[in-house]
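Here is the structure we will look at, set down as structure tokens.
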Amino acid sequence: MADKGILIKSLSKRYGGGETAVLALKDVNMRVSPGEVVGLIGPSGSGKSTLLKCLGAVIDPTTGSMVLGEEVIFDNEWKVRDLRALRRDKIGFVFQAPYLIPFLDVTDNVALLPMLAGVSNSEARKRALTLLTALDVQHRAKAMPAQLSGGEQQRVAIARGLVNHPPVILADEPTAPLDSVRAMTVIRILNDMAKRFDTAVIVVTHDEKIIPTFKRIYHIRDGVTYEEAGEGRPLH
Amino acid sequence: MISLAGRDILHAWGKFIFTGIGLGLLIGVTLTMAGVYRGMVDDGKVLLDNSNADLWVVQKDTLGPYAESSSIPDDLWRSILTLPGVAETANATYLTMQVGKGDKDVRAMVVGITPGAPGTPGWPPQLIAGRQITRGHYEAVVDITTDFQLGDVLKIRRNHYTVVGLTRRMVSSSGDPIVFIPIKDAQEAQFLKDNDAILMQRRRTEANSTFNRPGVPGLLDAVIASHTSNRFVNTVLVRIHPEFAPDEVAELIRRWKRLTVYDRAQMEEILVGKLIATSAKQIGMFLVILAIVCGAIVAFIIYTLTMDKIREIAVLKLIGTSNRTIVSMILQQSLVLGVIGFVVGKITATFAAPMFPKYVLLVLVDSIAGFFSILAICVLSSIVAIRMALKIDPAEAIGG
């Protein structure tokens, strides 16, 4: 069992069947503790996105097990009936592009998740504003996404990922569209938030600039993960 | 929970308003087409109402006098009047023709009415100006839509008539305004030949030894006189005593006079069910086509709006939004588009209807039916977009 955070054991994913079958993930093992930010690095086609989709309960792994917090969510089959609710309540997503909902203002973009979970509008907005303040974008709370800079949008996206206090956040190349200063800011925010909310964060990245900031890094190649200790360079 | 559809509409309000206006104009045309049909039905009913008759006696086995030509002797009314239950009878003729006004003319239904008093079957029930016809010849009461004024002189065949009274909403079943003239003039107008034709007819009769007998003086003149006069009318309008049933009196006339008799319900069936049936089908086809076009427009717009939001829908699904919420968002947008379209369409039809040359009757029940039809069309039209939205994979938000 994981001490909260996320634990993945012998996870595999096969696409198709017979002679055309492709084994995208062969033997994935990962453990990310609460408050920890780890990097997941690998070349194109190595299985990063497949792993992220499996972790995000978007596609079905073929075999293996996943434990999220204290709950076994997959053990050769899904142990959770409502994957949509699992994604909503237990997993935060931060994407390469912020993908904010263009017709909702910043507050409602963040507050939407708790509202979907049944939290009252006022309580959801209060939660959103708390996070926006923590991420220093509270002054844009009423702005529409199109009025924000790239860095502000990404901070709002992080706030959306955190708003339901999920045990794990999956970040898919969150710094790709940003310059190095903003990229480092985003990584620092993710580290701060991980510690503050006791959240396990997995950052999939190609970004050379941020790789040294991870204390632990998982490499993935041909569907197999290898753990490598990071340099543990302090964050700026 | 916030309304995703509402927020999206507010965000892209211009797109919705302008699309709604475009759709509304089309809906306006649809409502007006329905109004044209209602107007035709109402024209028919008004014609019957204004006849002030309970029964129409016409030539045997004809659908006269409005749907088919009918010719019956003009002295038949006397014998019908003697039958039990008959309160009043009056001859009437109906002839649709061009009525001259200076160097122009107007299409009208010329109705020949018998001398009498207001309330006589066939007479215009009420005037808005002037007086009823009081002379036996060359006076006319006209519907105001003919654009004639009191004192104007109109020309029917070779004769001139002075307009002495104006009426309103007196039209034929095809919407042509009615011109009332004395029945003798109307009888003459129906079969009036030109001078050359009369001369030719006289010569033929003179050459016929059967009619031109030297030993029978006056025969030739009598025959010629019979050729130039018309002793027929199109119908006898009958009013019955209140204590008698119309079908009972009608049956008496059928049996004893060997004529065809229609009561109000039968005449309405002829006018609405037969006379305007083809037009009704034509309008029905237009309505179906317009409904399909409306549906296609809504489907296209909603599909396009949904296509523009594929990434957002994928994100919404990924973060746990239920399919029901997404379907509801698309449906609500489609319905809002329909409501905007209906409001614009209703306003358009209301303002456009009086400009049509024929009567356009916008009925509340059509508007209600139209409103719910539009909503149904919007729901059906959004099915394609909904299907597409449901197929969007939340994994698209992650990429890879």
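Source: prediction; values computed, not measured. Just the heavy atoms: all of them, side chains too, but no hydrogens, waters or symmetry mates, feed the values below. Every chain is numbered from 1 and lettered A, B, ... according to where its sequence line falls, protein lines coming before strand lines.
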Kindly check if the number of other-residue, nucleotide or ligand heavy atoms within 6.0 Å of [atom1] ([X]) is above 12?
X        : atom1 : value
A/Phe197 : CZ    : yes
A/Arg14  : CZ    : no
B/Phe18  : CZ    : no
A/Lys79  : NZ    : yes
A/Tyr226 : OH    : yes
B/Arg107 : CZ    : yes
A/Lys13  : NZ    : yes

Determine whether B/Glu312 and A/Leu100 satisfy the following criterion, side chain to side chain contact (heavy atoms under 4.5 Å, CB included), listing intermediate values before the conclusion.
CA-CA 8 Å; B/Glu312 284 81 11; A/Leu100 300 176; over 6 Å; no

Counting heavy-atom pairs under 4.5 Å to chain A, which of B/Leu318, B/Val315, B/Ile9 comes out on top?
B/Leu318

Name the member of B/Lys309, B/Lys317, B/Arg7 that forms the most heavy-atom pairs with chain A at distances under 4.5 Å.
B/Arg7

Working to the nearest 0.5 angstrom, can you tell me the gap between [X] [atom1] and [Y] [atom2]?
X        : Y        : atom1 : atom2 : result
B/Leu316 : A/Ile101 : CG    : CD1   : 4.0 Å
B/Ile319 : A/Arg88  : CD1   : CZ    : 10.5 Å
A/Met115 : B/Thr321 : CE    : OG1   : 12.0 Å
B/Ile2   : A/Asp105 : CD1   : CG    : 8.0 Å
B/Arg311 : A/Tyr99  : CZ    : OH    : 3.0 Å

Could you tell me if the side chain of A/Lys53 sits less than 4.5 Å from the side chain of B/Pro394, heavy atoms only?
no

Please classify the contact of [X] with chain A as side chain, backbone, both or neither, using a heavy-atom distance under 4.5 Å.
X        : result
B/Asp308 : neither
B/Leu10  : neither
B/Leu4   : both

Just so I understand: if I count every heavy-atom pair under 4.5 Å between each of A/Leu112, A/Val204, A/Ile59, A/Asp89 and chain B, which residue has the most?
A/Leu112

Contacting region of [X] [heavy-atom separation from chain B under 4.5 Å]:
X        : value
A/Phe95  : side chain
A/Pro114 : neither
A/Leu113 : side chain

At their closest point, which heavy atom of A/Pro102 faces which heavy atom of B/His11, and how far apart are they?
O-NE2, 3.3 Å

